[in-house]
There are 4 protein chains.
Amino acid sequence: MSAHDFPETTATLLVSCDDCPGLVAALAQALFNQGANILHADQHTDTVAGKFFQRIQFDDPELAGANRVAAANRLEATVRTVGARYAMKWWLHFEKQPRRVAIFVSKTDHCLYDLLLRHRSGELRCQIPLIVSNHESLRPVAEQFGVPFRVFPVDAENKATVEKQEIALLQEEKIDLVVMARYMQILSEDFTRCFEERIINIHHSFLPAFAGGRPYHQAHERGVKLIGATAHYATSDLDEGPIIEQDVIHVSHRESVADLVRLGRDVERTVLSRAVRLHLESRILVHDNRTVVFAG
Amino acid sequence: MSAHDFPETTATLLVSCDDCPGLVAALAQALFNQGANILHADQHTDTVAGKFFQRIQFDDPELAGANRVAAANRLEATVRTVGARYAMKWWLHFEKQPRRVAIFVSKTDHCLYDLLLRHRSGELRCQIPLIVSNHESLRPVAEQFGVPFRVFPVDAENKATVEKQEIALLQEEKIDLVVMARYMQILSEDFTRCFEERIINIHHSFLPAFAGGRPYHQAHERGVKLIGATAHYATSDLDEGPIIEQDVIHVSHRESVADLVRLGRDVERTVLSRAVRLHLESRILVHDNRTVVFAG
Amino acid sequence: MSAHDFPETTATLLVSCDDCPGLVAALAQALFNQGANILHADQHTDTVAGKFFQRIQFDDPELAGANRVAAANRLEATVRTVGARYAMKWWLHFEKQPRRVAIFVSKTDHCLYDLLLRHRSGELRCQIPLIVSNHESLRPVAEQFGVPFRVFPVDAENKATVEKQEIALLQEEKIDLVVMARYMQILSEDFTRCFEERIINIHHSFLPAFAGGRPYHQAHERGVKLIGATAHYATSDLDEGPIIEQDVIHVSHRESVADLVRLGRDVERTVLSRAVRLHLESRILVHDNRTVVFAG
Amino acid sequence: MSAHDFPETTATLLVSCDDCPGLVAALAQALFNQGANILHADQHTDTVAGKFFQRIQFDDPELAGANRVAAANRLEATVRTVGARYAMKWWLHFEKQPRRVAIFVSKTDHCLYDLLLRHRSGELRCQIPLIVSNHESLRPVAEQFGVPFRVFPVDAENKATVEKQEIALLQEEKIDLVVMARYMQILSEDFTRCFEERIINIHHSFLPAFAGGRPYHQAHERGVKLIGATAHYATSDLDEGPIIEQDVIHVSHRESVADLVRLGRDVERTVLSRAVRLHLESRILVHDNRTVVFAG
């Protein structure tokens, strides 16, 4: 079920902690005591690492009424109490407050169009108040969808300064998630640390194969029969962040590098928008550089 | 995680009932009170039908020790109590007692081999004490794997009598699940009612397309670009039972009917063994002729 | 290799006829004698029907120079001679003259956007001089891409008259291919006969399953685990025309009808644009209501 | 259409050479002059490398009659003449003489079973006169299918000697193709050179990702969402030979390494048997460490 199908009285709780008996009961009971009704619950125990992961989507009628702020505070306090007891990391997201997303692009438009069209059709539950680029090229697309477009030309010398300006802008705009929709610049460690697990990048190969530059050229050279794309959280280690989603398509000797680029566009945009959607629906937890993805 | 990776102290609970607040908490709390630790929990609410479905896999150390019978009885009593309170339909399956499966075949061997090889390699957590056929052809396969092979020649006249003998045999052998691995006879309503939601059939098309006989001929005639297979619970309405699993492969104008038959074999055996595995791991609930499948 | 990667000296020949020895040699020799160099040749013999199908892509340097009209005429005369000898049906398409495509739409925009974006990025080798609709809704999309948008409101009474106007417009615009990109009107036999094997429709199910209206509702009702889309040439028999391309995606009990509609959009647009591309690259032959598709 | 559907009067010609005008016509004409009827022809030009590749399947009634040896010699002489004119590399394979295949295994049986079952059901057009292993474990499987089983225990010291014995045995048995069906030994350069482009290996990852040992452990560690398998011709560079076929399946955080191993078995056996089948049907040409695969 898609996020936007839920009423504004819905909230989603993500939890991770060391595993121990009684966790499911403790959370369910605490929410029930607050009058919340659990709509969906998905849980995973990593028995090797001894870790517990859970996603709970619940409904609380008071989240829409006059006392909605009090209700939200009350729920948060409840989760904080249970969380403290079990040393949980937790994230509580209220449907009423859609996340704010900034899209970073360079000159390629297929991922940008895909995100904007899905957003317009209601598939992505978020606001998109900002598109950032290091080039002017895609301004017309941004204008077409009425999204502010900010250009920060980057070169080796000004990079540190520019990133500071970008971070300031993102903070000013209260951005929750940065989507690198074929943004052809490597973000510094300072930048990625500021938005840890909140920057999604699309790499145009099935990582770890063909990490680095020109993956379609590498793929053609090696003569693979599959090409793919990988969406992952950006970290300071390029192409090494936690993988969220991957997909591939079959290719043959008939495809030139240009064909791989063309065919790859379809996989890139599909994989990226799936990853963004999973994040917006609070379905992803990260542990030990890997993701737990509670699929919809 | 596969069923056989769990120790014998593991059990799985399947529940369906009308939705109401507090169900998750009630079940989790009841199990916790009995000393059970929840390993995996997956839940689905059909908000349109107002139905609640849950699968809980849990561990109770006492299920292996000297008091294991008492422990099992205690857990069952607990579930019965909660179940009665909420008018639940429920099934509790203990890992220690693998299900007993009978495979029905005619002359085609690919699905039979696939099930027997997967069973031998430990993929299917069950016992296979019996293979039933209306022909002698596959006896050598059964012997190769040391499984008793019983032949019941069927014709229009003796069908009712033969089915009664088969049902008696299945009951004598305490069979929990019947797998129709390309068994080319239609079971009567009497038979399917005896084993409701406990007979899995494989149909060699992506139902509802090409229901009935000779689906590959129908597919070739229509010129489709996909062929598929469907595993479903057998009901008295032929090819109309609840669908468990489906898959397809791409085909082209180059494939003759014989090629479709050959290519289809791969899909049939994969889809059938996936469905059997889902059933053996207590992942399937049926409601309104549709399945809720808690994927692994 | 995509059509637009070829220089303007390239042409493609599609041939179908009764099979007999010497066909490959006759065509290859005739083209060679004219100075043409075969780039790709793909051939299929339907041994059951006794039919021969071939696609030949070749290069003739003279197709670009001052004598290009003479060269094209000369090639056409050559093919006509061989064609007459073997009673061939044949189509010769010169890369220099891209086909002219009209897109028919109603209110849904995802297929339209997909086609326009792929066209703009150079994936579809054609001109799009016209978008036709029975509603005003998608005019802004057409304007955004600078394509003339013509509205013909249709109702039961005016249908015959309107279709005549539409056919006149298509002929005036020298339209080679009509793409029904979720156009929610059934074309009459008169219309489909005017553009035989030149109208591509997208149906939102894996035909022949769920033919007719509201296929996603039908799919949800039946509880299938796959949904799909089918691109086919439109004929007077609704949903019964020759299938060009099909694809599916996996779904589960979690998806509501609204989710199926959303997920289906991705398959619909992919399948439709693949079919349009195959047609534009002269890769499709029709025989006995089935297609021979020489994949790229 | 599968190889074994063709009568014994069928032959297949594979050709590669530098591209130049007239190649298709020259081959087609030469075969036509010999009375051969072309059933299928597939051609590929690598315009970047300037290379021409073709596969022609044809029928010559005389290949079955009393003069069949003379007919085969005549056809071979014809191809030799054309081949010499254009400096072609070519391979002519007569359907009447199925290839002889040796399967190499260690202790894992799923690929072996898959090949033997497909062979028995007529899917693989070849003879399997020999299974070679470095362990006794799979002797019962070989016996079950009546195939001679030869064990050569290998260690670091005796490797060179053992390989010489193996090569001698393969030559004595007139083996055309060696299939490494999860054979856990690395073949020396001497061995691979003896059977250049005639040894098919299955690697249990989507190469080039996770080359080397324990690929499922590597995949789990990296947290990929896809696992795969790669069939390639073995060369002295481990895991670097020309890729014939690849496939993947989706996995999630729920799968342990043991689950990946289990799920991977399905992909491995499918990919390996597809590759073997492609080779047996003379559909593969190698150029510059990449394959041209004329799909069926």
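Just so we're on the same page: letters track the sequence lines, and every chain starts at 1.
Ion pair Arg254(A)/Asp46(D) not flagged as a salt bridge, since none of the NZ, NE, NH1 or NH2 atoms sits closer than 4.0 Å to an Asp/Glu carboxylate oxygen.
Scanning both residues, Lys225(A) and Thr291(D), for their nearest heavy atoms gives NZ-OG1, 2.9 Å. Taking all atoms of both residues into account, the shortest heavy-atom contact from Arg290(D) to His220(A) is NH1-O, 2.9 Å.
In terms of modelled atom types and a separation under 3.5 Å, the side chain of His253(A) and the main chain of Val293(D) share a donor-acceptor contact.
In this structure, no portion of Ser252(A) lies under 4.5 Å from any heavy atom of chain D. Contact of Asp247(A) with chain D is made through backbone and side chain together, with heavy-atom distances under 4.5 Å. Contacts between His287(D) and chain A at a heavy-atom distance below 4.5 Å are absent for every atom of the residue.
Residues Leu207(D) and Val224(A) form no side-chain contact, since every pair of their non-hydrogen atoms from C-beta on lies 4.5 Å or further apart.
Contacts with chain D (heavy atom to heavy atom, under 4.5 Å) involve these residues of residues 228-243 of chain A, listed by number: Asp239(A), Glu240(A), Gly241(A), Ile243(A).
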Table please: side-chain donor-acceptor pairs of residues 179-188 of chain D below 3.5 Å, with sequence neighbours left out.
from      : atom 1 : to        : atom 2 : distance (Å)
Arg182(D) : NH1    : Glu268(D) : OE1    : 2.7
Arg182(D) : NH1    : Glu268(D) : OE2    : 3.4
Arg182(D) : NH2    : His204(D) : NE2    : 3.4
Ser188(D) : OG     : Glu163(D) : OE1    : 2.4
Ser188(D) : OG     : Asp190(D) : N      : 3.3
Ser188(D) : OG     : Phe191(D) : N      : 3.2

